Amino acid sequence: MITRFAPSPTGHLHIGGARTALFNFLLARHNKGRFVLRIEDTDATRSTQEYTDSILSAMEWLGLSWDGDPIFQTSRTDIYRQYVQKLLSDGQAYWCHCRPEDIAEIRAKAQAQGGKPRYDGKCREKNLGPAPGAVVRFKTPPEGNVYWSDLIKGSISIDSSELDDLVILRSDGLPTYNFAVVIDDMTMGITDIIRGDDHVNNTPRQILLYKAFGAKLPAFGHVPMILGADKTRLSKRHGATSVMAYKEMGFLPQALNNYLARLGWSHGDQEIFSLEEMISLFDLKHVGKSAAIFNPEKLTWLNAHYIKQTPLPQLASLMWPYLAAKGYERPNQEKLNKIITTVRERGKTLEELAQKSEFYFVETVEIAQPENLVKLLSPNGREMLCNIGQKLLEHPHLDRETFDIILRDLAANAGVKVGAVAQPLRLALTGSTASPGLFDILEILSPETVQKRIKAALSLEASS
Ligand code: GLU
């Protein structure tokens with residue numbers, strides 16, 4: 001089995017493309033076959049090196065490793081021309097001298113007569129040769145059925161009279177999309193073509209070309225579209241659609257792969273799959289026929305799962321770039337591990353974990369919500385903060401048990417709940433009323449920082 005992923009570098013790798021890539025990758029790996037990456041860059045006006053690089057890095061990030069070097073269509077122009085020549089010599093293609101304005105007229109006429117706006121084959125039997133502005137067209141058989149048994153959609157058949165004579169070589173000497181794809185798939189020995197169902201209409205044209213060359217047909221499988229929650233085609237309106245945007249937002253590749261695999265494919269009720277497991281279980285039989293709905297909450301849920309699964313030092317190095325981007329200095333690994341331990345259950349993306357860790361790094365803590373400030377600066381709150389500050393000054397390196405006792409004693413003496421002592425301290429140290437456990441924080445912040453933050457919080461009154 002040889003499968004392929006054939007992106008056009010006219011944009012970043014998006015969710016739909018990544019799922020197509022994943023399915024082809026899984027199918028090839030499951031069957032111990034090959035997975036080829038082909039960059040379809042014949043559209044010179046829209047293809048860029050930047051998009052090519054971006055697609056390659058997204059594939060690498062997802063771990064969808066391909067076999068051999070990526071193949072670029074622009075390096076294969078001579079091959080396409082040879083195959084055009086072959087069809088010309090066999091009498092299965094012809095030069096067409098119709099100018100764009102002639103074609104427009106022919107199409108308009110066909111439409112006016114109630115037919116499809118098709119080319120009428122005017123140059124078919126003229127036996128013309130190359131000329132400036134001329135194109136080569138394929139002689140589409142005038143009748144007959146084009147049939148294939150789609151691996152996902154089942155039987156599909158199209159009357160060949162529906163199709164006009166396809167341009168295979170453009171006037172600039174470059175092949176058209178449908179022609180290049182067939183020559184590539186044929187010469188690369190692709191056995192299974194899995195792609196988005198926006199290509200269903202191209203398949204009959206491509207099958208006719210295979211037949212013209214007397215080549216064995218590959219199997220085709222067209223994967224249904226991905227829709228947004230509102231059932232319209234997934235687009236930027238539904239949020240981020242590019243794979244690398246998810247990386248930037250702090251998603252792990254395992255989560256994205258897992259999510260994309262389940263977007264249209266199922267294996268009983270199972271939701272969590274490692275890549276190895278997907279490879280061993282994947283099959284096209286369980287790819288659904290109807291469109292899939294993109295659900296960002298589920299992706300986030302899976303991400304939280306994989307964050308919890310990631311070993312500490314690795315999670316630390318994955319999260320660190322998000323803090324480094326804000327200009328903080330990297331602490332040693334041991335300290336970073338401790339920091340991660342306190343936040344790892346508190347965030348669903350790496351970015352969120354970084355955000356929740358930020359108070360460890362800031363010079364001064366900002367108390368974001370004014371209502372918290374009011375509470376903290378109430379006479380009681382100030383008194384509690386002052387008292388606990390004093391205790392922490394006396395015991396800068398206390399253990400968990402001593403800390404608990406101190407909190408309880410202070411609360412009992414003041415006749416308040418432990419929370420009334422803990423919350424002002426939490427607010428002073430982190431700027432928020434929701435944070436990791438206080439003792440864990442005290443173990444990470446230096447006693448000097450703790451005192452500095454308490455002092456800063458107490459001095460807020462003067463300026464407020
Ligand atoms: N290059 C095409 C695209 O990006 C895919 C062609 C194919 O898979 O046959 O949509």
Side-chain angles (χ1 to χ4, degrees), residues 1-28 33-56 58-59 62 64 66 70-77 79-80 83 146 148 150-153 156 158 166 168 170 174-210 213 215 217-226 233-235 241-244 260 264 284 287 291:
M1 176 178 287
I2 308 181
T3 68
R4 55 36 163 209
F5 177 52
S8 307
T10 53
H12 297 287
L13 183 64
H14 54 84
I15 291 291
R19 184 183 60 164
T20 303
L22 177 66
F23 282 8
N24 280 291
F25 167 88
L26 293 175
L27 199 62
R34 279 171 61 77
F35 173 54
V36 175
L37 179 61
R38 183 171 76 224
I39 304 293
E40 303 205 317
D41 55 352
T42 46
D43 184 345
T45 51
R46 293 172 60 225
S47 303
T48 69
Q49 185 62 41
E50 185 204 340
Y51 288 138
T52 298
D53 294 344
S54 154
I55 291 169
L56 296 184
M59 294 280 289
L62 289 170
L64 305 181
W66 56 89
I71 294 151
F72 292 84
Q73 284 191 324
T74 41
S75 69
R76 293 170 54 83
T77 320
I79 301 175
Y80 306 131
Y83 278 89
V146 189
W148 79 98
D150 196 274
L151 295 170
I152 295 164
K153 293 186 176 282
I156 300 184
I158 287 259
L166 175 76
I168 55 176
R170 297 192 308 227
L174 290 174
T176 54
Y177 159 73
N178 275 307
F179 189 73
V181 165
V182 170
I183 303 311
D184 287 339
D185 288 337
M186 205 168 72
T187 53
M188 293 168 193
I190 305 298
T191 59
D192 296 73
I193 295 177
I194 311 303
R195 59 186 169 197
D197 68 1
D198 47 335
H199 287 288
V200 166
N201 288 337
N202 290 321
T203 305
R205 297 181 173 288
Q206 296 183 4
I207 288 177
L208 288 174
L209 286 170
Y210 275 93
F213 287 111
L217 278 188
F220 292 93
H222 292 89
V223 186
M225 278 199 285
I226 302 177
R233 196 187 176 127
L234 190 67
S235 73
T241 55
S242 97
V243 166
M244 291 317 247
L260 291 175
L284 289 171
V287 172

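Each ligand, and each atom within it, is numbered from 1 in the order the structure gives. These numbers come from the heavy atoms of this one structure, side chains and all, not from hydrogens, waters or symmetry mates. What you are looking at is a predicted structure, and each value in this text was computed from that prediction instead of being measured.
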I'd like the atom pairs linking ligand 1 to the protein - N or O on both sides, separation under 3.5 Å - with distances to 0.1 Å.
{"from": "ligand 1", "atom 1": "1 (N)", "to": "Ala6", "atom 2": "O", "distance (Å)": "2.7"}
{"from": "ligand 1", "atom 1": "1 (N)", "to": "Ser8", "atom 2": "OG", "distance (Å)": "2.9"}
{"from": "ligand 1", "atom 1": "1 (N)", "to": "Glu40", "atom 2": "OE1", "distance (Å)": "2.5"}
{"from": "ligand 1", "atom 1": "4 (O)", "to": "Ser8", "atom 2": "N", "distance (Å)": "3.4"}
{"from": "ligand 1", "atom 1": "4 (O)", "to": "Ser8", "atom 2": "OG", "distance (Å)": "3.2"}
{"from": "ligand 1", "atom 1": "8 (O)", "to": "Arg4", "atom 2": "NH1", "distance (Å)": "2.6"}
{"from": "ligand 1", "atom 1": "9 (O)", "to": "Arg4", "atom 2": "NH1", "distance (Å)": "3.4"}
{"from": "ligand 1", "atom 1": "9 (O)", "to": "Arg4", "atom 2": "NH2", "distance (Å)": "2.8"}
{"from": "ligand 1", "atom 1": "9 (O)", "to": "Tyr177", "atom 2": "OH", "distance (Å)": "3.3"}
{"from": "ligand 1", "atom 1": "9 (O)", "to": "Arg195", "atom 2": "NH1", "distance (Å)": "2.7"}
{"from": "ligand 1", "atom 1": "10 (O)", "to": "His199", "atom 2": "NE2", "distance (Å)": "2.9"}

- Classify the side-chain pair Gln206/Asn178 by whether it contains a donor and acceptor separated by less than 3.5 Å. yes

Rounded to the nearest 0.5 Å, the OH atom of Tyr80 sits from the CG atom of Asp184 at a distance of 3.5 Å

Any side-chain donor near an acceptor of the partner, Arg46 and Ser8, under 3.5 Å: no

Side-chain donor/acceptor of Ser47 to backbone N/O of Asp43, under 3.5 Å: yes

- Is the backbone N or O of Phe35 less than 3.5 Å from a side-chain atom of Thr3, with the two atoms forming a donor-acceptor pair by type? no

inquiry  = Looking only at side-chain N and O atoms, does Thr241 offer a donor or acceptor that is under 3.5 Å from a partner on His14?
reply    = no

